[in-house]
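From a predicted model like this one, the values you see are computed outputs, not experimental measurements. Because only heavy atoms are used, hydrogens play no part in the values below, and waters and symmetry mates are left out as well, while side chains stay in. Chain naming here is simple, since letters A, B, ... match the order of the sequence lines and numbering starts at 1 in each.
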2 protein chains.
Amino acid sequence: MTTIRELARRSGVSVATVSRVFNTPEVVSQHTRQRILDLAAEIGYLPNGSARTLATKKSNMVGLVWDTDHRRPGWRHPFLQEILVALKTALSAHGLNLLMLAGHDAAGPDDGQRYVRAVRQHNLDGAVIIDNGTRDPAVLALVEAQVPCVALDLRVDGPTSTYITSDNAGGAALAVRHLVERGHRRIATITGPLRTWPGAERLVGFRAALAGAGLPLADGHVVEGDFYLDGGHAAMDRLLALDDRPTAVFVAGDEMAVGAMRAAQAAGLRIRDDIAIVGFDDIEVAALIPPGLSTVAQNKPGFGTAAAEALVAMLHGGDDPPKPTVLPTTLVVRGTT
Amino acid sequence: MTTIRELARRSGVSVATVSRVFNTPEVVSQHTRQRILDLAAEIGYLPNGSARTLATKKSNMVGLVWDTDHRRPGWRHPFLQEILVALKTALSAHGLNLLMLAGHDAAGPDDGQRYVRAVRQHNLDGAVIIDNGTRDPAVLALVEAQVPCVALDLRVDGPTSTYITSDNAGGAALAVRHLVERGHRRIATITGPLRTWPGAERLVGFRAALAGAGLPLADGHVVEGDFYLDGGHAAMDRLLALDDRPTAVFVAGDEMAVGAMRAAQAAGLRIRDDIAIVGFDDIEVAALIPPGLSTVAQNKPGFGTAAAEALVAMLHGGDDPPKPTVLPTTLVVRGTT
DNA sequence: CGGTTACCTGAAACCGGTTACATTGTCGGC
DNA sequence: GCCGACAATGTAACCGGTTTCAGGTAACCG
């Protein structure tokens with residue numbers, strides 16, 4: 001391991017000068033700077049991150065808080081991978097690294113401070129939170145502890161935190177208007193869990209759009225789902241059992257929508273002709289499953305890049321936290337409508 | 001930030017003793033140990049990770065090397081999320097954290113040493129490599145630099161590295177035997193890229209099983225695919241254009257298999273009756289897409305836990321690197337066979 | 001009772017950087 | 001020729017831990 005003192009000795013300057021070459025290059029003369037840089041490259045010198053962090057209290061690392069739903073071990077984020085790619089890319093463009101924080105599975109006591117502890121212990125500069133809908137107190141502790149945070153699909157605010165979300169209400173409205181254009185007048189919805197932000201907002205948008213179109217919302221035409229396949233199936237079963245069965249359903253999540261499609265088929269209905277379905281998310285299956293699920297697409301990489309940018313703004317900007325970002329949604333029409 | 005000196009002062013002992021309480025508790029007397037622990041909990045003392053790393057050169061962090069295929073920006077690992085969950089859980093049970101390493105998109109020069117640099121800079125204890133099929137020199141540089149490594153689906157070896165993979169050949173054989181049992185005698189295959197380990201091995205297993213069953217392999221009945229949807233579609237088109245069209249196809253990846261199903265349907269064939277299909281992976285869509293894709297399932301969380309265990313064994317064990325892990329595969333029969 | 005021995009604790013060097021402050025040298029202006 | 005300003009560099013304290021080595025105490029033994 002070649003150290004800064006070694007490099008200083010070899011290039012005949014003090015360690016301070018070497019340090020300055022890497023931190024405030026403009027204050028060291030062009031000539032020495034170049035000499036030191038050349039020598040550094042030659043002997044493969046790399047500043048030691050831990051030493052640097054120790055001295056500056058900045059680690060250039062941000063934590064990634066992403067737990068699975070422990071009540072549902074099989075829970076998967078619909079597009080975690082896309083978010084991760086974008087997030088990682090955008091962060092590393094600013095010299096930031098991502099440290100995955102251990103969740104409720106971690107060793108040690110769980111007093112609801114585990115993330116805060118991890119942040120302090122590793123001198124993390126901030127955190128990105130991917131919501132899993134469990135309202136984990138340990139997550140909220142982060143924003144309370146004034147750690148610079150940006151949350152995805154979780155509405156947090158505070159002097160050091162902001163969030164990124166899709167235009168859930170707007171997306172729901174897109175879906176409704178599309179169904180109305182297709183001639184539907186009895187439109188129902190299967191919602192996400194209403195305690196989650198997207199779940200609640202999509203219902204708000206649904207209601208508003210229905211009202212805007214002058215359409216009534218019949219009793220029992222709002223069924224709360226859970227974002228899972230089986231939940232969607234069960235919810236659709238309930239809708240189909242109604243006397244005034246809807247002719248179209250806005251399902252607030254693609255996975256549930258697939259479940260709903262199955263329920264409809266199991267009931268012997270033709271999808272689209274007997275019952276139209278619009279989903280939300282635009283996950284991979286939506287395009288693959290026949291006849292193609294019409295759905296409201298989210299800007300998946302947008303979550304990652306927006307989160308990175310918001311975080312960087314907080315870290316470098318220093319002033320007020322950035323406003324929440326609302327990503328536009330788009331309608332993708334396929335075979336179910 | 002409360003430091004070790006602060007805690008030492010308050011509890012009336014030296015910093016050395018406090019340090020020992022957290023590192024070698026058995027050497028400090030029961031009495032003082034408890035007193036220090038109590039006080040530590042009371043004032044919320046946490047050892048500073050950077051200082052610790054600086055002193056010990058062990059960070060308790062391992063790097064995650066996972067790049068997307070830059071020739072295919074949309075590339076997604078078929079079950080990254082499951083791997084990540086298991087990996088993170090298993091690692092954190094051993095007190096290890098996961099640092100996502102920036103990829104080819106990172107700032108700075110790319111001399112094929114970017115991962116090695118990152119490892120050195122952050123004093124990482126090891127790395128987990130998720131192969132993306134690009135044979136990135138920067139990845140191989142890691143194992144050459146003697147960084148403790150465990151790779152997924154990438155066959156690396158060296159004094160400090162090992163790998164985890166599924167029983168690809170065995171899985172392919174499962175698929176073939178199943179098709180033979182169903183009465184098929186003209187069986188073709190759509191392979192993955194043959195430069196990848198799983199791609200190559202599945203073909204090996206396919207050939208062996210065919211031979212084992214005494215069946216011939218007709219000309220043109222091996223088509224190299226790319227693991228992608230469109231590639232599967234195109235490959236199937238070629239198979240269907242043959243004079244001696246196969247009655248069954250082993251498709252070495254579920255995404256390709258879906259593409260192949262579409263091609264078959266587009267050609268007006270009934271899947272299963274006119275042409276049977278077995279995939280590989282058992283991704284989510286396999287169960288969702290009608291009539292259900294028969295496929296060879298991989299033990300997805302197994303990759304994560306096995307990787308964590310292998311890495312821990314290398315870090316703590318100290319001796320020879322563990323033998324490669326080969327995860328068993330299982331056949332899942334659905335509607336396509 | 002002197003000498004080991006085992007056990008517990010403390011002093012201080014060290015890990016590899018950053019940075020406040022001091023120092024040196026140059027140059028322009030009066 | 002002297003002084004102040006400024007640019008470039010050096011000195012040394014500091015960040016918060018770990019660990020070697022040595023010292024002190026008590027028990028144990030012959």
Enter the distance from [X]:[atom1] to [Y]:[atom2] here, rounded to the nearest 0.5 Å.
| X | Y | atom1 | atom2 | answer |
| --- | --- | --- | --- | --- |
| B:Leu80 | A:Gln81 | CG | CD | 4.5 Å |
| A:Ser161 | A:Glu144 | OG | CD | 10.0 Å |
| A:Asn60 | A:Leu99 | CG | CG | 13.0 Å |

Donor-acceptor pair, [X] side chain versus [Y] backbone, under 3.5 Å?
| X | Y | answer |
| --- | --- | --- |
| A:Arg35 | A:Ser11 | yes |
| B:Thr17 | B:Val13 | no |
| A:Thr3 | A:Glu6 | yes |
| A:Asn132 | A:Thr68 | yes |

How about A:Tyr45 and A:Phe22: are their ring centres within less than 6.0 Å of each other?
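So the answer is yes for these two rings.
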Could you verify whether a donor N or O on one side chain and an acceptor N or O on the other, from [X] and [Y], lie under 3.5 Å apart?
| X | Y | answer |
| --- | --- | --- |
| B:Asn123 | B:Thr53 | no |
| A:Thr134 | A:Asp136 | no |
| B:Ser19 | B:Asn23 | yes |
| A:Thr32 | A:Ser29 | yes |

Mind calculating the distance between CZ (B:Arg33) and P (C:dC7) to the nearest angstrom?
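Whole-Å distance recorded here is 14 Å.
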Without decimals, in angstroms, what is the distance between B:Arg35 CZ and C:dC8 P?
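One finds 14 Å between P of C:dC8 and CZ of B:Arg35, rounded.
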Sequence neighbours excluded, which residues qualify as salt bridge (charged side-chain N to carboxylate O under 4.0 Å, His left out) partners of B:Glu309?
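Partners of B:Glu309 under the salt bridge (charged side-chain N to carboxylate O under 4.0 Å, His left out) test: none.
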Which part of the nucleic acid does A:Thr53 contact within heavy-atom distance under 4.0 Å: base, sugar-phosphate only, or nothing?
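A:Thr53: no heavy atom of the nucleic acid under 4.0 Å.
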Pairwise N/O distances under 3.5 Å, protein to nucleotides 22-26 of chain D:
none

Hey, what's the ring geometry for B:Phe303 with B:Phe79, parallel, tilted or perpendicular (30° and 60° as the breaks)?
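Tilted.
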Using the 3.5 Å cut-off, write out each protein N or O paired with an N or O of nucleotides 13-16 of chain D and the distance between them.
from	atom 1	to	atom 2	distance (Å)
D:dC15	O3'	A:Lys57	NZ	3.2
D:dG16	OP1	A:Lys57	NZ	3.2
D:dG16	N7	B:Arg5	NH2	3.2

In degrees, rounded to 10°, what is the bend between the two ends of the helix from C:dC1-D:dG30 to C:dC30-D:dG1, using five pairs at each?
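Rounded to the nearest 10 degrees, the bend comes out at 50°.
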Answer yes or no: does a side-chain N or O of A:Thr17 lie under 4.0 Å from OP1 or OP2 of D:dG10?
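Looking at the OP1 and OP2 atoms of D:dG10, one of them is under 4.0 Å from a side-chain N or O of A:Thr17.
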Student check: side-chain heavy atoms of B:Ile36 and B:Leu7 closer than 4.5 Å:
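Side chain of B:Ile36 against side chain of B:Leu7, heavy atoms only: contact under 4.5 Å found.
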Residues within residues 18-30 of chain B bordering DNA chain D, heavy-atom distance below 4.0 Å
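Contacting residues: B:Ser19, B:Arg20, B:Asn23.
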If you take any heavy atom closer than 4.0 Å to DNA chain C, which residues from residues 120-127 of chain B end up in contact?
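Those residues: none at all.
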